[in-house]
Protein chains: 2
Amino acid sequence: MVHPHEALFSERAANIKQSAVRDVFEISMQPGLVSLAGGNPYLQSLPLERLGAVAADIITNHGLQALQYGGGQGTLELRRQICEVMAAEGITDADPDNVVITAGSQSAQDIAAKVFCNPGDVILIEDPTYVGALNAFEAYQVDVQPVRVDEDGLVPAELLRRIEELRAAGKTVKMLYTIPNFSNPSGVTLAADRRPEIVRICREANILVLEDNPYGLLKFDGELQLPLRAGNPDDVLYLGSFSKIFAPGLRIGWALVPAHLKQRFYLASEAVTLCPPPFNQMLVSAYLRDFDWMAQVRTYRALYQDRCDAMLSALAEHMPAGVSWTTPAGGFFIWLTLPASVDTYPLLHQGIDAGVVFVPGAAFTSAPGPSNTLRLAFSSATPENIREGVRRLAPVLRAAVGR
Amino acid sequence: MVHPHEALFSERAANIKQSAVRDVFEISMQPGLVSLAGGNPYLQSLPLERLGAVAADIITNHGLQALQYGGGQGTLELRRQICEVMAAEGITDADPDNVVITAGSQSAQDIAAKVFCNPGDVILIEDPTYVGALNAFEAYQVDVQPVRVDEDGLVPAELLRRIEELRAAGKTVKMLYTIPNFSNPSGVTLAADRRPEIVRICREANILVLEDNPYGLLKFDGELQLPLRAGNPDDVLYLGSFSKIFAPGLRIGWALVPAHLKQRFYLASEAVTLCPPPFNQMLVSAYLRDFDWMAQVRTYRALYQDRCDAMLSALAEHMPAGVSWTTPAGGFFIWLTLPASVDTYPLLHQGIDAGVVFVPGAAFTSAPGPSNTLRLAFSSATPENIREGVRRLAPVLRAAVGR
């Protein structure tokens, strides 16, 4: 029997749905399985005992600030430090006054959709893209529309074509959401020469770029890629995160908001949570101030490169013909593509029977129907486990490709 | 010149506005002022050094859990403990599976509006009510409609009348938002005999009760009032918070959601923040497990009663004729009413010149125009400062009443 309260749900409630990823993560906790599913950072390399001592100091000696309400935009100290982190990421003109600290960059995605999108408005996305952003956008009845991506990321001519096509169909295009560096889930990086072109296309079309860059500092080697935001303060709303370079469990991310949009973005953020947790901000501040956080970033780079190499060489050794994959320059993920006839969702259960878990590609797209892709994370398993996981996965994929 | 991005704002963005309260809080930081503005709990009585040691233990010995991503609903341990806290509040049938841990109960108010309200839908409120809830609701273009309150809280006959009146006008009424115990800002408590009647009226009208009870345990003495949720599991979405009985800076609150509504509420919460911060949850869990948290609640009760008494006796001594005020049985706030001709907003600046800060009543209502009311908080100032603050306030109000 349907409860009469069913009539109380908002129209947008129908768009709030179970993430396919969540099921997979719960499964991946089962003992004996090799999980290549979750994009968890490898926290074992953090100096936990020293961090514990810092936490004790914050609460013991600054507890009246750490445990009390704080300002809605976040502490000035952390907003200043975030500008230094962004300088390391390639953004050198950020003003702490335009930084809004949020509950992870996830919360900033929610606020961006809230502040900018009416039901039916379009946000352009890469396909595949981050499932959390899809969930945040769709909860506001946003019409999420893909732009074609190749091995160098978003294709500018395709972006232009899609904008024109959607406008011709009477759609209002508000934002482009992009993860330019080592994208979750594809591992793809947007080519340097495409970046100014994409910003220019969006500027001329009066579309705001929502640039999500949680992995930018985790490039395995060589010069970092300049963010789209670098040199474009008015055109790009930039999202950063401490989840990948420090600790996701503190839920501290940020938005660097164009000055002319900041006030409303900040007020919307304040209306959701009053303030980001002061203790969590103070712990991040202490980490940035008193620890060699860039050395930790270098440790992570070497660690994840090693794991990525282990996965790439295991894939080369074990994968059957017909399976291709991306070669990321950083980040956490490799993206596999199988022949078009294969649906990877049923393979998940065969993989579990074989002792390995991945995320089927259907989770990362707004398109309905089956997907012939899947995501493997190399961030949280050891190289040995990664090799074992790929070894277990190979016969499952071989059988699927052979059918 | 208007930036072309102005065209990108959503219709709801116009409803996201500066809270009048925020200005006042910033002013109240000025040295030399007695602040009776902010409803901050008095954290000096917390065992900070022992809490610091617990925080160190959590990060040092359980850091891989505390600093990693967690489940979207919150840890099972804390959800079980929250059921024990609710049992102390008078709700004995709560199931941890129906508890969703949120970033303060503020975030739960945001989610409730998101999941239940289309633009133009009505949420009934007490007038005056909590400014943060007004901000959260109005950001979703909710039509916030007051129900008359007397010294015993919501008037059931008025509730019924307003529902009928709004429905006759073609409105869709979705929820009643109420703070039944020692309301912020009025300090008023809903009479026990009205509680079942209000739930019954809402049930029969198919309106969900959103019960916000952050102060319930802070009744100065005598038996606690039974929450509206007690014995009414299907009719009431109950919001709880650790901000007043432990520490607001951790931003940990919760919603106890009717079983038939839980899944969508939980998914909407997950889409905003992925998960509540595991470290913060573990610290609250340790506090509930290893500390005598009810003894701390009793300490708070005595402390706030003492401060409330100081404020009441100072008001009786200094206030001019024509000013009346509530006598709270718990919580943080006393509500003053001046003659109808007085607008308290300009008095704020006269108060500051006299060395005392309060919050003008206009902040706590959805009605436009001036207000002859103001809120005084007795939670964060010492009894001595409270007496001094009221002494400074008296001539300002006397002059206003005399005009």
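In the text below, chain A, chain B and the rest are named by the order of the sequence lines, each starting its count at 1.
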Hey, can you pull the donor-acceptor pairs under 3.5 Å for the side chains in residues 113-124 of chain A, sequence neighbours left out?
{"residue": "A:K114", "atom": "NZ", "partner": "B:D110", "partner atom": "OD1", "Å": "2.7"}
{"residue": "A:K114", "atom": "NZ", "partner": "B:Y140", "partner atom": "OH", "Å": "3.3"}
{"residue": "A:N118", "atom": "OD1", "partner": "B:E11", "partner atom": "N", "Å": "2.7"}
{"residue": "A:D121", "atom": "OD2", "partner": "A:N118", "partner atom": "N", "Å": "2.9"}
{"residue": "A:D121", "atom": "OD2", "partner": "A:K174", "partner atom": "NZ", "Å": "2.7"}

Note to self: Can you see whether A:F265 has A:K262 sitting over its ring - NZ or CZ less than 6.0 Å from the centre and within 45° of the normal?
What the structure shows: no

Margin query: Within the 3.5 Å criterion, strictly below it, is a donor on A:N280 or B:R251 matched to an acceptor on the partner's side chain?
Written below: no

Note to self: Using the ring centroid of each side chain, check whether A:F279 and B:F279 are separated by less than 6.0 Å.
What the structure shows: yes

Notebook entry, point to check: Quick one: of B:P4, B:G104, B:A55, B:G63, who has the most non-hydrogen atom pairs under 4.5 Å with chain A?
Noted result: B:P4

Check: Between A:D234 and chain B, which part of the residue has a heavy atom less than 4.5 Å away: side chain, backbone, both or neither?
Finding: both

Notebook entry, point to check: Which one, A:T273, A:L261, A:N61, A:N206, leads in non-hydrogen pairs under 4.5 Å with chain B?
Noted result: A:N206

Item checked: Which atoms of B:I111 approach chain A - backbone, side chain, both or neither, heavy atom under 4.5 Å -> neither

Next item on the list: Evaluate the side-chain proximity of A:D235 to A:L208: yes if any heavy-atom separation is below 4.5 Å, no if none is.
Entry: no

Check: Considering only heavy atoms, which portion of A:P41 lies under 4.5 Å from any heavy atom of chain B: side chain, backbone, both, or neither?
Finding: both

Item checked: Pick from B:E49, B:M175, B:R264, B:Q65 with the largest number of heavy-atom pairs that fall under 4.5 Å of chain A -> B:R264

Next item on the list: Quick one: which of A:S243, A:A139, A:A247, A:A14 has the most heavy-atom pairs under 4.5 Å with chain B, could you say?
Entry: A:A247

Notebook entry, point to check: Looking at B:A103, B:P47, B:A56, B:A7, which one has more heavy-atom pairs under 4.5 Å with chain A than the rest?
Noted result: B:A56

Margin query: So B:Q281 and B:T75, do their side chains get closer than 4.5 Å, heavy atoms only?
Written below: yes

Next item on the list: Could I get the full list of salt bridge (Lys or Arg N to Asp or Glu O under 4.0 Å) partners for A:D57, not counting sequence neighbours?
Entry: none

Notebook entry, point to check: Checking B:I58 against chain A: side chain, backbone, both or neither under 4.5 Å from a heavy atom?
Noted result: neither

Next item on the list: Could you tell me which portion of B:H5 (side chain, backbone, both or neither) has an atom closer than 4.5 angstrom to a non-hydrogen atom of chain A?
Entry: both

Notebook entry, point to check: With a 4.5 angstrom heavy-atom cut-off, which part of A:L283 approaches chain B: side chain, backbone, both or neither?
Noted result: side chain

Check: Do you know which of B:G52, B:A271, B:P248 has the most heavy-atom pairs with chain A at a distance under 4.5 angstrom?
Finding: B:P248

Checklist line | Partner chain A: residue of B:L43, B:I59, B:L8 with the largest heavy-atom pair count (under 4.5 Å) | finding: B:L8

Notebook entry, point to check: Quick one: what part of A:A136 sits under 4.5 Å from any heavy atom of chain B, side chain, backbone, both or neither?
Noted result: both

Checklist line | Pairwise distance CD1(A:I16) to CD(B:Q263) - rounded to 0.5 angstrom | finding: 11.5 Å

Notebook entry, point to check: Where the side chain of A:S380 meets the backbone of A:Y42, is there a donor-acceptor pair that is under 3.5 Å apart?
Noted result: no

